[in-house]
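Reminder, nothing fancy here: chain letters follow the sequence lines and each chain counts from 1.
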Amino acid sequence: MAKQSIEKPVLPKGTRDFGPAQMAGRTFILDSIRTVFRSFGYQPLETPSMENLSVLTGKYGDEGDQLLFKILNSGDFLSRTTEADYQQGAPQMLPKIAEKGLRYDLTVPFARYVVMNQHELTFPFRRFQIQPVWRADRPQKGRYREFYQCDADVVGTDSLICEAEIVLMIEQVFARLGITDFTIKINNRKILQGVVESIGAEGKESDLLVAIDKLDKIGLEKVLDELSQRGFSPAAIEQLAPIFELSGDTESRLTAAEKAMQHSATPKAFGATGVPATGVPAIGQQGISELREVLSLVRDMGSAGEHVAFDITLARGLSYYTGAIFEVKVNNASLTSSVSGGGRYDNLTGVFGMPGMSGVGISFGVDRLYDVMEDLQLFPQEALAATQVLLVNFDKPSKKHALGLLSTLRDAGISAEIYPDAVKMKKQFAYADKKNIPYIVVVGAEEMQQKRYGLKDLKSGEQVALSIEEIIERLK
RNA sequence: GUGAUUGUAGCUCAGCUGGUUAGAGCGCUGGUUUGUGGAUCCAGAGGUCGUGGGUUCGAGCCCCAUCAUUCACCCCA
């Protein structure tokens, strides 16, 4: 027999299978998030996995465009290309051989949906969306090429109540998941804008944002180094330093930020815009009062807001944010990257020809939440058990009898299964053990006669003889 | 895209400066006499050492290539 080369199956880089064990945990997380979203009045939406590349490109910056998965056109995709196209390389070729791409996030498809359905939708429009997204990134810890996002956005209002609700939703999701030690970092792009203006660095916002975003990672000095490398003047850097060293609680940080911007206000920075040289930059002030208002609304909604922390160094990459920005980190987990993030954008639908539609949204990363939950062992036992009770049988008559009980249990809404073969008890018990099944009902000759069955709690090892009605009562 | 890291049994790994039939733990299968599992004990199955070349009398170990992995940077959920 000729030796056949059997190729062993491998998953594409950065993708995973979710077996029953993982699915149990993921379902628990997704259900928690969905429940919270629903209770805040968000309605579900799903969009296609693929979008036209024209919808996707240019929305995530150059970096983002690189990370888009493109879908090759069907058929002879090279037929419409020429030798000249090939010579000019990828940018010239790409539009001719690929028209579609996999979605990169859920926000842009949402914006597309809103624009396409603007006449049918009732605003403010709240939707949530739980679907996978794809990025051609290099995978590493907590980073995958296919992962799920759980987004909730509301568009068509600029009320700060929405921001406050986001804080509440985050708190409630985490409460359901059992995560207690987390921080909701909050900032406002307007404050950052104010900082930029106060040091007279207009036009270099993105450089500043990228650099300060690393503050907690590489430290103040290295950030300042990087800033000077990026062409910020020594004077500007000197003015920046104190802003990044704010300390104390959120309110005192806010006050300090306000003051710092005031201090550093220079005539140079404001001469052109007509803002008084000595005043706090108007935009920065606006950001600060917005943030204060959000915090006050959070309290009005009955939350102490103890997890919320103002962090002026929070920048977030996505350039479409214009107001509040959020990021959530779990403090006692080994995974330090953020598990959730979001913010307000004033003009997301503008690129699709629908300007002035303000919105705010939040996104949970299920995959990272899963990693955190597992790390902290937060999955409740009952969430992981698929079956509640296993019927153990010995022989034909007992199996036959057990089948009736099985249906009775299932009709009562209790997930139950019977070990299909009449093998040794040891094996049946081991099966229940491995499958995390919490209860066993023993159906033997004696039990059948008495109509009282042995209900065994596998965790405690206790066993009691009960009627089927009593068993149902116990397990409900 | 840049810089590293690792690739030996289903899993986690050992294998000394290259030397005869490649090891351990866990897991798995079976048994410990047939109605009670999860850390008893006994036995067993399972690997062409990522792949392809090369050096050598001899390669899991050295060299080259290649693929894959993990991690960090960039960026991000």
For [N] and [X] - does any side-chain N or O of the residue sit under 4.0 Å from the phosphate oxygens OP1/OP2?
X	N	result
A/K329	B/rA77	no
A/Q140	B/rC71	no
A/K434	B/rC28	yes
A/K424	B/rU32	yes
A/K13	B/rU69	yes

Between [N] and [M], how far apart are the two [atom1] atoms, rounded to whole Å?
N	M	atom1	value
B/rU55	B/rA59	C1'	10 Å
B/rU29	B/rC76	C1'	46 Å
B/rG47	B/rC13	C1'	14 Å
B/rG27	B/rC11	C1'	7 Å
B/rA39	B/rG58	P	50 Å
B/rG60	B/rA9	P	14 Å
B/rA14	B/rC49	C1'	13 Å
B/rG38	B/rG30	P	14 Å

Open item on the list: Under a 3.5 Å distance rule, please check whether A/D421 uses its side chain to pair with a backbone N or O of A/V423 as donor and acceptor.
Closed with: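 No; judged by distance alone, with no hydrogens or angles, the pair does not exist.
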Task: Given RNA chain B, 5'-ward residue of the pair A/G64 and A/L11, judged by closest heavy atom - done: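 Result of the comparison: A/L11.
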Open item on the list: Judged by each residue's nearest nucleotide on RNA chain B, which is more toward the 5′ side, A/D433 or A/R138?
Closed with: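 Comparing both residues, the 5'-ward one is A/R138.
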For the side chain of [X] and the base of [N], is some donor closer than 3.5 Å to an acceptor across the two?
X	N	answer
A/E447	B/rG35	yes
A/Q463	B/rU36	yes
A/R368	B/rC76	yes
A/R143	B/rU70	no

Within 45 degrees of the ring normal and closer than 6.0 Å to the centroid, is that where the cationic atom of [X] sits relative to [Y]?
X	Y	answer
A/R344	A/Y321	no
A/R126	A/F40	no
A/R26	A/F18	yes
A/R112	A/F352	no

From [options], nucleotide with atom closest to [X] side chain:
X	options	value
A/S338	B/rA77, B/rG37, B/rG35	B/rA77
A/K426	B/rU2, B/rG37, B/rA77	B/rG37
A/A445	B/rG37, B/rA72, B/rG35	B/rG35
A/K427	B/rG30, B/rU36, B/rC75	B/rG30
A/A430	B/rU69, B/rC74, B/rG37	B/rG37

Between [atom2] on [N] and [atom1] on [X], what's the gap in Å once rounded to a whole number?
X	N	atom1	atom2	value
A/Q66	B/rC76	CD	P	14 Å
A/I325	B/rC76	CD1	P	12 Å
A/Y431	B/rU29	OH	P	13 Å
A/L67	B/rC75	CG	P	12 Å
A/I440	B/rG37	CD1	P	10 Å
A/M425	B/rG38	CE	P	13 Å
A/D105	B/rA77	CG	P	8 Å
A/Y419	B/rG37	OH	C1'	13 Å

Would you indicate what [X] reaches in the nucleic acid, counting non-hydrogen atoms under 4.0 angstrom: base, sugar-phosphate, or nothing?
X	result
A/S337	nothing
A/Y144	base
A/V392	nothing
A/G142	base

Open item on the list: Between A/Y113 and A/Q129, is there a side-chain donor-acceptor contact under 3.5 Å, judged purely by atom types and distance?
Closed with: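 No, no side-chain donor-acceptor pair sits under 3.5 Å.
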Open item on the list: If stacking means aromatic ring centre less than 5.5 angstrom from the base's six-membered ring centre, planes under 30°, is A/F147 stacked on B/rA77?
Closed with: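 Here A/F147 meets both the 5.5 Å and the 30° conditions.
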Open item on the list: How long is the straight-line distance from CD of A/Q66 back to OG1 of A/T57, given to the nearest 0.5 Å?
Closed with: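 Here the interatomic distance stands at 12.5 Å.
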- [ ] Could you tell me how the ring of A/Y104 sits relative to the ring of A/Y60: parallel (under 30°), tilted (30 to 60°) or perpendicular (over 60°)?
- [x]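 It falls in the tilted class, 30° to 60°.
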Task: Nearest heavy atoms of A/L297 and A/I161, plus distance in Å - done: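 Taking every non-hydrogen atom into account, CD1-N, 3.7 Å.
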Task: Stem list, RNA chain B (Watson-Crick or G-U pairing under 3.5 Å, at least 3 consecutive pairs) - done: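 If one scans RNA chain B for consecutive Watson-Crick or G-U pairs, the stems found are B:1-4 with B:70-73, B:10-13 with B:23-26, B:28-31 with B:41-44, B:50-54 with B:62-66.
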- [ ] Determine, step by step, whether A/S358 and A/D158 satisfy the side-chain hydrogen bond (donor to acceptor under 3.5 Å, both in side chains) criterion, reporting the C-alpha distance in whole Å, the side-chain angles of both residues, the deciding distance to 0.1 Å, and the verdict.
- [x] CA-CA 6 Å; A/S358 185; A/D158 54 11; 5.6 Å; no
